[in-house]
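First the structure, in the form of structure tokens, and then the observations on it.
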Amino acid sequence: MKSEAEKLIKNRFGIPKIEGIKRGDLVLKTNDKKIPGTNEEDYYCNENSFKFCLVKEEDQVPIEPIFSMDFFKAGTAMQS
């Protein structure tokens with residue numbers, strides 16, 4: 001089940017077009033412990049912070065990370 005935050009990422013940013021890769025082979029991973037091809041771990045997507053990875057898949061198996069990103073919504077203490 002996708003969280004509201006995951007739906008927001010997909011709706012606002014979508015899956016990009018990348019030359020040489022079929023769009024159907026690109027998958028947004030948001031709740032994975034580990035993704036092959038990267039040393040990053042513990043991907044998550046909740047209402048205030050995100051760590052996700054766009055990966056190329058073949059036969060529903062991640063084979064190549066394209067990019068990863070993590071960010072959070074700043075609290076009021078950081079905004080002052």
Side-chain angles (χ1 to χ4, degrees):
M1 185 172 139
K2 292 186 174 81
S3 69
E4 288 302 313
E6 185 176 348
K7 290 176 190 175
L8 177 70
I9 290 170
K10 285 187 174 186
N11 289 338
R12 288 221 177 141
F13 303 107
I15 301 295
K17 293 180 185 177
I18 299 175
E19 189 172 326
I21 301 175
K22 291 186 277 182
R23 186 177 250 166
D25 290 341
L26 295 172
V27 177
L28 185 65
K29 296 288 190 177
T30 59
N31 292 305
D32 292 58
K33 173 71 177 157
K34 180 87 174 118
I35 295 174
T38 181
N39 292 327
E40 293 289 326
E41 294 184 345
D42 299 320
Y43 295 90
Y44 58 88
C45 192
N46 61 43
E47 300 310 314
N48 294 311
S49 61
F50 312 86
K51 181 175 181 182
F52 58 90
C53 186
L54 183 68
V55 298
K56 178 181 175 186
E57 286 190 338
E58 285 184 6
D59 298 322
Q60 297 182 339
V61 176
I63 62 164
E64 180 181 359
I66 304 299
F67 75 84
S68 64
M69 178 182 289
D70 59 313
F71 56 94
F72 61 94
K73 182 177 180 179
T76 54
M78 292 186 73
Q79 295 175 355
S80 46

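Numbers here are sequence positions counted from 1.
The two atoms that bring Pro16 and Arg23 nearest to each other are C-NH2, 3.8 Å, heavy atoms only. Annotation for Thr30 and Phe52: closest pair CG2-CB, 3.8 Å, computed over non-hydrogen atoms. When all heavy atoms of Lys51 and Glu41 are compared, the pair lying nearest together is NZ-O, 2.7 Å. When every heavy atom of Lys34 is checked against every heavy atom of Asn39, the shortest pair comes out as NZ-CA, 3.4 Å. Of all heavy-atom pairs spanning Pro65 and Cys53, the tightest one is CB-SG, 3.9 Å.
Atoms NZ and NZ, on Lys56 and Lys22 in that order, are 9.0 Å from each other to the nearest 0.5 Å.
Side-chain atoms of Phe67 and Ile18, non-hydrogen and from C-beta on, never get closer than 4.5 Å to each other.
Residues Phe71 and Leu54 fall within the same hydrophobic cluster, defined by Ile, Leu, Val, Met, Phe, Trp and Tyr side chains chained together at heavy-atom separations under 4.5 Å. If you chain together hydrophobic residues whose side chains sit under 4.5 Å apart, Leu28 and Ile35 never meet in one group. In the hydrophobic clustering of ILVMFWY residues, with side-chain heavy atoms under 4.5 Å counting as a link, Met69 and Ile21 come out together. Grouping the Ile, Leu, Val, Met, Phe, Trp and Tyr side chains by contacts below 4.5 angstrom, directly or via other members, places Phe50 with Leu26. Note on Ile63 and Ile66: separate hydrophobic clusters, where clusters join Ile, Leu, Val, Met, Phe, Trp and Tyr whose side-chain heavy atoms are under 4.5 Å apart, directly or indirectly.
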For side-chain contact (heavy atoms from CB on, under 4.5 Å), just list the numbers for Val55 and Asp32, CA-CA rounded to whole Å, side-chain angles, deciding distance to a tenth of an Å, and then say yes or no.
CA-CA 12 Å; Val55 298; Asp32 292 58; over 6 Å; no

